[in-house]
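Structure record follows, encoded as structure tokens.
The shown structure was predicted, so the numbers you read here are calculated from the model rather than taken from an experiment.
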Amino acid sequence: MPLPSQPLRKLGFLTIGLFDEADPRKGHESTLEIIRLGERLGFDSAWLRHRHLQYGISSPVAVLAAASQRTTRIELGTAVIPLGWENPLRLAEDLATVDILSGGRLNPGISVGPPMHYDQVKQALYPDTADAEDFGYDRVARLLDFVRGKPATDFSGVEGFEVFSDRVQPHAPGLGRRLWYGGGSLRSAQWAGEHAMNFLTSSVVKAEESEDFAEVQLSHVRAFRAHHPDGDRARVSQGLVVIPTDSASPEQRAKYEAYAEKRLPRTATPQGPARLMFAPDLVGTSAEIAERLYAHAAFREIDEVAFALPFTFEHDDYVQILTDIATRLGPALGWQASAQHT
């Protein structure tokens, strides 16, 4: 097995938080328990996906507010909040509030573009401005400005018994440096670097200059750092789907392998008009997964990960997978839990 150029520095995981419509609390509580387990296992970060009008977490910021009160150390992130559904000013207030409650542990990841199924939802979301809304990078720039403390209004001071601020309150010092952009294109990578954000890569990229997933992702990482003020020190996190089987039961292994096999065809060629490339799910022992990661050109360029959990598994499956990641795969990648983790 080849040695990595540098040991894995930060180990995180990403979950979607599915729930049953008839009993949504159970699913949300399961997600919170998984985050608590992640902290006990020593993970550096836990991340939530964002799903609107589906049976997954629609308000990850609210769920992370709850998680902030049930944990003390683990960093809490979103991967990602689609800004097309959000008012940047209001979102900045929510993010700052949760960051304050968590003691500075929030890592908001965001992305741009029109909301999914926009034609079907625009009258509910933007009944008066649907055709005028801007879903481009300017929306991110507004959020960055508000979070980083730039004025949101030209009015401040005392009015009667009330005191008004010209910037978002509470102001969360440091949060502006913990904003992540989730991107899968060269343009997004460059824009995130130019605006001094951190960069989230996932198991999906646009096949622009190549049809080799690792090569495309590597080009994004390098483009991001080339345009970031911190250069090679700029933070990038990779989010592939990994499913270690070290302690899995035979039934679990069969389920995991069937899941990955069903999703494998989409990884062969670019998909759809956007030419999206999907990375294969990595299923096997931790030693086998580590070897495949060391052979991955983009993985060799990063020292942070937020491994994605599969969407449709059971709570006990996630416990097994997370335990194997923390106790076997992480160490196989050079990751070490610091004293404060244990």
salt_bridge([X], [Y]) N-O dist < 4.0 Å:
X: Arg139; Y: Glu86; result: no
X: Asp44; Y: Arg9; result: no
X: Arg90; Y: Asp94; result: yes
X: Arg263; Y: Asp281; result: yes

Is the shortest side-chain heavy-atom distance between [X] and [Y] below 4.5 Å?
X: Val236; Y: Glu301; answer: no
X: His296; Y: Leu240; answer: yes
X: Pro270; Y: Leu276; answer: no
X: Gln217; Y: Arg222; answer: no
X: Arg142; Y: Asp138; answer: no
X: Leu37; Y: Phe43; answer: no

For [range], pull every pair meeting salt bridge (charged side-chain N to carboxylate O under 4.0 Å, His left out), keeping only residues two or more places apart or in separate chains.
range: residues 152-176; answer: none
range: residues 103-121; answer: Asp119-Lys122
range: residues 204-218; answer: Glu211-Arg275
range: residues 15-38; answer: Arg25-Glu29, Glu29-Arg70, Glu33-Arg36

- Message: Between Trp47 and Asn107, is there a side-chain donor-acceptor contact under 3.5 Å, judged purely by atom types and distance?
- Response: no
- Query: Do His315 and Ser30 have side-chain atoms, one donor and one acceptor, less than 3.5 Å apart?
  - Reply: yes
When you measure from the side chain of [X] to the backbone N and O of [Y], does any donor-acceptor pair fall under 3.5 Å?
X: Asp99; Y: Leu106; value: yes
X: Arg73; Y: Glu39; value: yes
X: Thr245; Y: Gly284; value: yes

- Query: Is there any ring-ring contact (aromatic ring centres under 6.0 Å, His included) pair reaching into residues 220-240, and which pairs are they, with sequence neighbours excluded?
  - Reply: Phe199-Phe224, Phe224-His228
- Task: Using a cut-off of 6.0 Å, state whether more than 12 heavy atoms not belonging to Arg187 lie near its atom CZ.
- Result: no
- Message: Is it true that, when you exclude Tyr55 itself, more than 12 heavy atoms of the residues, nucleotides or ligands shown sit nearer than 6.0 Å to its OH?
- Response: no
- Message: Once you measure the plane-to-plane angle for Phe299 and Tyr294, does it fall in the parallel (<30°), tilted (30-60°) or perpendicular (>60°) bin?
- Response: tilted
- Task: Over 60° means perpendicular and under 30° means parallel, so classify the ring planes of Tyr137 and Trp191, tilted if in between.
- Result: parallel
- Note on the structure: Taken in chain and number order and not counting sequence neighbours, the residues that satisfy side chain to side chain contact (heavy atoms under 4.5 Å, CB included) with Asp246 are Pro244, Thr285, Ser286, Asp324, Arg328
Between [X] and [Y], what is the shortest heavy-atom contact and its length?
X: Pro280; Y: Arg292; result: CB-NH2, 4.3 Å
X: Tyr256; Y: Ala248; result: CE1-CB, 4.0 Å
X: Ser111; Y: Val80; result: OG-CG2, 3.4 Å

- Would you please indicate if the ring centroids of Tyr118 and Phe135 are separated by under 6.0 Å? yes
